Colleague: 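Please find one structure pasted underneath; my questions will follow.
Just so you know, residue 1 is the first one in the sequence shown, and it goes up from there. Just so it is clear, the model here is predicted, and its values are computed rather than measured.
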Amino acid sequence: MNRDKIIVKTSVMGILVNLILVAFKATIGIMVNSIAITLDAVNSLTDALSSIITIIGTKLAGKAPDKKYPYGYGRIEYFSSVIISIIVLLAGITALEESVPKIFNPVLADCTFVSIFIIAVAVVVKFLLGRYVKGKGKEINSQSLVASGSDALFDAILSLSTVVAAIISLIWNISLEGILGTIIAFVIIKAAIEMLSETLSSMIGTRVDSGITDKLKDRISEFDEVVGVYDLTLHNYGPTQLMGSVHVELRDDLTAKEIHKLTRRILYAVYEEFGIILTVGIYASNTDNEETRKIKESLNEIVAKYHEILQMHGFYVGC
């Protein structure tokens, strides 16, 4: 099953589970007059909406490259993540507006152990859903699924706190609805801002994980003809679409035919193992004689005196 199908299947499962939870929580929240449980139901509804947006974004991002967008539509996934973050942020603000008045005008929730048990079951269901969705997101490198799964796990913790407050209300006749609702609202707002910040960073273009670049350089260095690997640059055109360029240093006695074959072997190997499309440039090297080596060693000594210079490469001595 390809990546897009996994995202859609996982999102559909999330929609169904969240809609069931919305029905249960809303019914119980209204019956027992609990704002915290009702807000929990609203949050589950926003989770379902988020899954719908994830599906739409995945479908649009999967469109084939065309004349207008030759690098494809992969970055649309980032826009869908921004929309989800804004929805979650609005849900948090709404929750805050509803909860703060309850602090000054508390109302006891008419909870029963049966309703508390049902919400506790919902906590378990949301926890398992969150772990599943987040795991799938990490497996296929889907930022939207990871965020959705994390949000579900977070909701499970918030719902658990709602259960605790309901038990306190039932046993000691104390209302913590307003305080709890306010805490939930602030946590939702904080999570939304973090999600939005992370997504915007990806859209602007953050540094590629050094683990990927190191592995990529090591793989290219495995080719016998390659003397050195330099100037690796990678561009992100979506969560799984990386393109870039690299320079490889080769002996200057290789023929054009040999270089052509080598660069094709490098391109195919990198694409097959990493899914990255690379353009390969060439540096010629003629440091196999004593005179050239001495010149290079002298230059290295000079360069070493300047700490702002990381390395010297592309060295060649010609007539």
Colleague: Just verifying a value: how many Å separate Ile282 CD1 and Leu262 CG, rounded to the nearest 0.5 Å?
Modeller: 6.5 Å

Colleague: Within this structure, what is the CD1-CD1 distance for the pair Ile140 and Ile7, rounded to the nearest 0.5 Å?
Modeller: 4.0 Å

Colleague: Starting from Tyr268, can I reach Leu234 by hopping between I/L/V/M/F/W/Y residues whose side chains sit under 4.5 Å apart?
Modeller: no

Colleague: Does Glu77 come within less than 4.0 Å of Arg3, counting only side-chain N to carboxylate O?
Modeller: yes

Colleague: Locate the shortest heavy-atom distance separating Glu194 from Lys190; write the atom from each residue and the value.
Modeller: OE2-NZ, 2.5 Å

Colleague: Please assess Tyr271 against Ile277 for the test side-chain contact (heavy atoms from CB on, under 4.5 Å), listing each intermediate value before the final yes or no.
Modeller: CA-CA 6 Å; Tyr271 185 76; Ile277 300 174; 3.9 Å; yes

Colleague: side-chain contact (heavy atoms from CB on, under 4.5 Å), that's the test. Do Met13 and Ile15 meet it? Break it down for me.
Modeller: CA-CA 5 Å; Met13 182 181 298; Ile15 292 171; over 6 Å; no

Colleague: When you measure from the side chain of Glu258 to the backbone of Thr255, do you find a donor-acceptor pair of N or O atoms at a distance under 3.5 Å?
Modeller: yes

Colleague: Give me the atom names and distance for the closest heavy-atom approach of Gly14 to Leu129.
Modeller: CA-CD1, 4.1 Å

Colleague: So, do Ile183 and Phe186 sit near enough that their side-chain heavy atoms are less than 4.5 Å apart?
Modeller: no

Colleague: Within a strict 4.5 Å, meaning less than it, do heavy atoms of the Val246 and Lys217 side chains meet?
Modeller: no

Colleague: Out of Val12, Val125, Val133, which residue meets the side chain to side chain contact (heavy atoms under 4.5 Å, CB included) rule with Val17?
Modeller: Val125

Colleague: Does CZ in Arg131 sit with more than 12 non-hydrogen atoms of other residues, nucleotides or ligands closer than 6.0 Å?
Modeller: no

Colleague: Enter the distance from Thr263:OG1 to Ile220:CD1 here, rounded to the nearest 0.5 Å.
Modeller: 11.5 Å

Colleague: Restricting to non-hydrogen atoms, name the atom on Ala48 and the atom on Leu19 that form the minimum distance, rounded to 0.1 Å.
Modeller: CB-CD2, 4.2 Å

Colleague: Taking C-beta and beyond as the side chain, do Thr10 and Tyr132 meet within less than 4.5 Å on heavy atoms?
Modeller: yes

Colleague: Under the side-chain contact (heavy atoms from CB on, under 4.5 Å) rule, what do Lys136 and Ile6 come out as? Steps first, then yes or no, please.
Modeller: CA-CA 8 Å; Lys136 283 294 182 182; Ile6 292 175; 4.1 Å; yes

Colleague: Students often mix this up, so state it plainly: with edges at 30° and 60°, are the rings of Tyr283 and Tyr230 parallel, tilted or perpendicular?
Modeller: tilted

Colleague: Checking Arg251 against Ser285 for the side-chain contact (heavy atoms from CB on, under 4.5 Å) test, could you report, in this order, the C-alpha distance in whole Å, the side-chain angles of both residues, the deciding distance, and whether it holds?
Modeller: CA-CA 5 Å; Arg251 299 191 320 272; Ser285 173; 5.8 Å; no

Colleague: Which atoms form the tightest heavy-atom contact between Pro65 and Pro70, and what is the distance?
Modeller: CB-O, 3.4 Å

Colleague: Is any side-chain heavy atom of Arg219 closer than 4.5 Å to a side-chain heavy atom of Lys215?
Modeller: no

Colleague: To the nearest 0.5 Å, how far apart are OG in Ser11 and CG in Leu145?
Modeller: 5.0 Å

Colleague: How many angstroms lie between CG in Leu60 and CZ in Phe79, if you round to the nearest 0.5 Å?
Modeller: 11.5 Å

Colleague: So does Glu225 pair up with Lys261, basic N to acidic O under 4.0 Å?
Modeller: no

Colleague: Closest heavy-atom contact between Ala64 and Tyr73?
Modeller: O-CE1, 3.5 Å

Colleague: For Glu297, is there an ion pair with Lys294 - N to carboxylate O distance below 4.0 angstrom?
Modeller: no

Colleague: For Phe274, does the CZ atom sit with more than 12 other heavy atoms under 6.0 Å from it, leaving out its own atoms?
Modeller: yes

Colleague: Is atom CD of Glu272 surrounded by more than 12 heavy atoms (other residues, nucleotides or ligands) closer than 6.0 Å?
Modeller: no

Colleague: Calculate, to the nearest 0.5 Å, the distance between atoms CG and OG belonging to Leu200 and Ser85 respectively.
Modeller: 8.0 Å

Colleague: Please check: side-chain N/O of Thr27 versus main-chain N/O of Ala23, any donor-acceptor pairing under 3.5 Å?
Modeller: yes

Colleague: Heavy atoms only: give me the nearest His247-Asp231 pair and the separation to one decimal.
Modeller: ND1-OD2, 3.2 Å

